[in-house]
Protein chains: 2
Amino acid sequence: MAVKIYDVAKAAGVTSSTVSRVFNGYPDISEHTRKKVYEVAAKLGYTPNIAARTLSSKSLKTVALILNDLVASRFDGVSMQTILGVYNYCETHAMQFVLYPTTTKLQHEKTFDQFCMERNVAGAVVQGLHIDDPYIQQISESQTPVVMIDLEIPGANTVSISVDNVAAEKEATQAILRHGKSHPVMMNGIPSAQVSNLREKGFREAIHDAGLSLSDDAIMYADFDIDKAEAAMRNALASGREIDAVICASDAMAMGVMTALKAAHRRVPEDCEVVGFDNIAITEYSQPTISTIDQHMEKIGGMAAQLVDKLLNGKVAPNMRHIFSPHKFIQRESTGVYPDK
Amino acid sequence: MAVKIYDVAKAAGVTSSTVSRVFNGYPDISEHTRKKVYEVAAKLGYTPNIAARTLSSKSLKTVALILNDLVASRFDGVSMQTILGVYNYCETHAMQFVLYPTTTKLQHEKTFDQFCMERNVAGAVVQGLHIDDPYIQQISESQTPVVMIDLEIPGANTVSISVDNVAAEKEATQAILRHGKSHPVMMNGIPSAQVSNLREKGFREAIHDAGLSLSDDAIMYADFDIDKAEAAMRNALASGREIDAVICASDAMAMGVMTALKAAHRRVPEDCEVVGFDNIAITEYSQPTISTIDQHMEKIGGMAAQLVDKLLNGKVAPNMRHIFSPHKFIQRESTGVYPDK
DNA sequence: CTGAAAGCGCTTACAG
DNA sequence: CTGAAAGCGCTTACAG
């Protein structure tokens, strides 16, 4: 049924070796046969079989995108963006792409190296790992280069990429302080996500630099979940303590917080400002619109793929452990900024 | 580096043929050697190489999930759910999974059959195609079985799956008519998506059955886009014609419609009811919450994968052209239903 | 510039 | 119940 390299070779009057060479862009091929081969291949509709190529070749690189359950939230399209970023880089750089949606549970059934072996994975980008996932250690010890999104781990073949979470959250906090708010709290994500810790650090730094102090209950944890965030915020408000700003480690949690504020008849931003993180679509359409930090996940995906490409070619300085991708603090109505539509 | 079948065979004192047989679940293997092989394989951390398997085997099936750009909206996690549905079915049924995020443009560079050849795709599930995509004809004429999500096309090896869009939209429309609304309009999606036509049909049927008639401008098209929907709704309201309900072909458009209503100081649901489609996360959290139709995309993904499995095994009746997956009309505040939280 | 040949890591009739 | 051998569709030293 399918047309194979042999068919093309025969029709072009050459060997399969030659056809292979022109398809792999070898330089020493006569212009004449190159043209002929392409012509015949196009007419026959030939496409090289990928399984055969990966089996016989050392140079066909496949990069895997490993998405752990941490990112599979129903709430946003974030992980879809990562997929597109990585895919597009691979597509335009002659690398194979393979997606592996895993879970902490699945990680116990198959080690990272086993996964890489079975699929001939040359390098991987990994997103959504908790800091206590079994994969972490396996990745550090693995030979295969991996680029971690949002999580720094040790390992000679490992580089991580993320926005500067500390700086970003600090920037956001400073903004609300500048607006005259002096009793901010933070709604943080699950502690086993490294970004939670970094964002908390940025929050604390801004508070500290401003000469303010934080009560013990100023940091709440709501696992990046909208309902948990709402519940936590309701409790906080019910306790009667003074709160005039909430820095949230995700937009979903910011939504939950706003619901709780509304229920308590607190006006946003007049009585209490709110900032999220991620810049998911709804932040532009909620009422009020939500200030947040844009991460541009598709770009991060692309950069990550490029990094594994560089890692594969030894083009990453050995002391490079982490790359910061650009972020942007976007102010909207929830921090008192009303852009004219 | 990697451990291969030969290593296991040697360590277990058998041939690679035997190892292959136990790993493929052949029945005629002595209990003793089966155990031994598994034991050795586990100790060595052996996993069969997939490229080698797909190259040499007729029975290793790989199913591709082809996601076209139509579904890559930033607004929701819908396509992520499809991915998980298909992936999980494959994972638990010994089939290989491969994701191909394509675009109408990419479809011109590589035919459907070429894609299937190069990746040894035995069957595919396809989502997000426009009715004028080049893939449509190629799929109809292709030998490889495909399950289309949300789009019926001809073809002997083709089955489609979707919710009953006509019935669903009819049901929603009837509900708002029952609430006493008599000037409904529809905010429809891009006409090149089949679901748009079906949902419109359901809407029209409900109107017709109720003995009402529709003006020419009762159906608007906003390409599933929130901003376009808002703009279209603003225009409609500005025109001064009477509107007391808006049936939308997607939740995103429902959001846009609600924004326009709010800007015109029309209360939802008192002055105008709104219905969306998809049940994306925000519908539960917008204010008011949005009535909508739940599709359960992850389930559809799973059913679709199962269908290609059946297609592959000739277990689908030849006259079966389409499967309806269950949907559920969920009433919320935007149609006057206030569930106690 | 191009061929002949070995090899990638499996699977599967074919024998026994 | 298990081996020996051919084959899946490519790539790539090795010659020439």
Side-chain angles (χ1 to χ4, degrees), chain A residues 1-38 40-41 44-62 94 96 114 116-122, chain B residues 1-38 40-41 44-62 94-96 114-122:
Chain A
M1 211 68 263
V3 22
K4 342 229 135 120
I5 198 170
Y6 176 78
D7 304 319
V8 178
K10 197 164 150 194
V14 294
T15 337
S16 54
S17 316
T18 302
V19 176
S20 175
R21 286 196 191 93
V22 346
F23 266 81
N24 286 288
Y26 279 49
D28 51 349
I29 300 280
S30 80
E31 196 45 39
H32 173 257
T33 89
R34 178 191 311 282
K35 209 171 265 174
K36 179 76 180 170
V37 165
Y38 275 135
V40 171
L44 268 49
Y46 170 71
T47 345
N49 180 281
I50 289 181
R53 292 189 66 195
T54 96
L55 189 58
S56 69
S57 173
K58 298 277 98 189
S59 57
L60 208 218
K61 308 295 187 193
T62 119
Q96 289 308 306
Q114 278 180 326
C116 291
M117 314 259 75
E118 80 175 17
R119 310 219 68 124
N120 297 79
V121 169
Chain B
M1 212 66 267
V3 20
K4 343 228 133 122
I5 197 171
Y6 177 78
D7 304 319
V8 178
K10 198 164 150 193
V14 293
T15 337
S16 53
S17 314
T18 302
V19 176
S20 175
R21 287 198 191 90
V22 346
F23 265 82
N24 286 288
Y26 280 49
D28 52 348
I29 299 283
S30 81
E31 196 45 40
H32 173 258
T33 88
R34 178 194 312 283
K35 210 172 267 176
K36 180 75 180 169
V37 165
Y38 275 135
V40 171
L44 268 48
Y46 170 72
T47 345
N49 180 281
I50 289 181
R53 291 189 67 198
T54 96
L55 188 58
S56 68
S57 172
K58 295 279 98 191
S59 57
L60 208 218
K61 308 295 187 193
T62 117
M95 307 174 88
Q96 290 308 308
Q114 279 180 326
F115 173 74
C116 291
M117 314 259 76
E118 80 176 15
R119 310 219 69 123
N120 296 79
V121 170

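Just so we're on the same page: letters track the sequence lines, and every chain starts at 1.
Note on B/Tyr26: every side-chain N or O is 4.0 Å or more away from OP1 and OP2 of C/dT11. For C/dT11, the OP1/OP2 oxygens have a side-chain nitrogen or oxygen of B/Asn24 closer than 4.0 Å. At C/dT12, one or more side-chain N or O atoms of B/Ser59 fall inside 4.0 Å of OP1 or OP2 (strictly under the cut-off). Residue A/Thr33 places at least one side-chain N or O closer than 4.0 Å to OP1 or OP2 of C/dT2. The phosphate of D/dG3 (OP1 or OP2) has a side-chain N or O of B/Thr18 nearer than 4.0 angstrom. Taking 4.0 angstrom as the limit, B/Ser57 places a side-chain polar atom (N or O) nearer than this to OP1 or OP2 of C/dT12. Put simply, A/Ser20 has a side-chain N or O that comes within less than 4.0 Å of OP1 or OP2 on D/dT11. Residue A/Thr15 has a polar side-chain atom (N or O) positioned under 4.0 Å from OP1 or OP2 of C/dG3.
For A/Ile5 and C/dG3, the CD1 to P distance is 12 Å, given to the nearest whole Å. Between the P atom of D/dA4 and the OH atom of B/Tyr6 lies a distance of 11 Å, rounded to the nearest Å. Counting to the nearest Å, the P atom of C/dG9 and the OH atom of B/Tyr46 are 10 Å from each other. Distance A/Glu118 CD to C/dT11 P: 12 Å, rounded to the nearest Å. Taking atom NZ of residue B/Lys4 and atom P of nucleotide C/dG9, one finds them 3 Å apart after rounding to whole Å. Distance NZ (B/Lys58) to P (C/dC10): 18 Å, rounded to an integer number of Å. Rounded to whole Å, the distance from CG on A/Asp28 to C1' on D/dT11 is 14 Å. The CG atom of B/Asn120 sits 14 Å away from the P atom of C/dT11 (whole-angstrom rounding).
A/Val40 pairs with exactly one of A/Val8, A/Val3, A/Asp7 by the side-chain contact (heavy atoms from CB on, under 4.5 Å) rule, that one being A/Val8.
Each of B/Ile29 and A/Leu60 was assigned the nucleotide of DNA chain D with the nearest heavy atom; the assignment lying further toward the 5' end belongs to B/Ile29. When each of A/Arg21 and B/Val14 is assigned the nucleotide of DNA chain D bearing its nearest heavy atom, the one mapping closer to the 5' terminus is B/Val14.
Taking every heavy atom of both residues into account, B/Val121 and B/Phe115 meet most closely at CG2-CE2, 4.1 Å. Closest approach of B/Ser16 and B/Ala9 over heavy atoms only: N-CB, 3.5 Å. The two atoms that bring A/Gly45 and B/Gln114 nearest to each other are O-NE2, 3.1 Å, heavy atoms only.
If you check D/dG3 for Watson-Crick or wobble pairing at under 3.5 angstrom, you find it paired to C/dC14.
Checking C/dT11, D/dA13, C/dC8 against every side-chain atom of B/Arg53, the shortest atom distance belongs to C/dT11.
Side-chain polar atoms of B/Arg53 and B/Asn24 form a donor-acceptor pair below 3.5 angstrom.
Here B/Asn49 lies in heavy-atom contact (under 4.0 Å) with sugar-phosphate atoms only.
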> For B/Gln96 and A/Arg119, what are the C-alpha separation, side-chain angles and deciding distance, and is it a side-chain hydrogen bond (donor to acceptor under 3.5 Å, both in side chains)?
Replying inline: CA-CA 11 Å; B/Gln96 290 308 308; A/Arg119 310 219 68 124; 3.1 Å; yes
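With hydrogens and angles ignored, a donor-acceptor pair closer than 3.5 Å exists between the side chain of B/Ser17 and the base of D/dA4.
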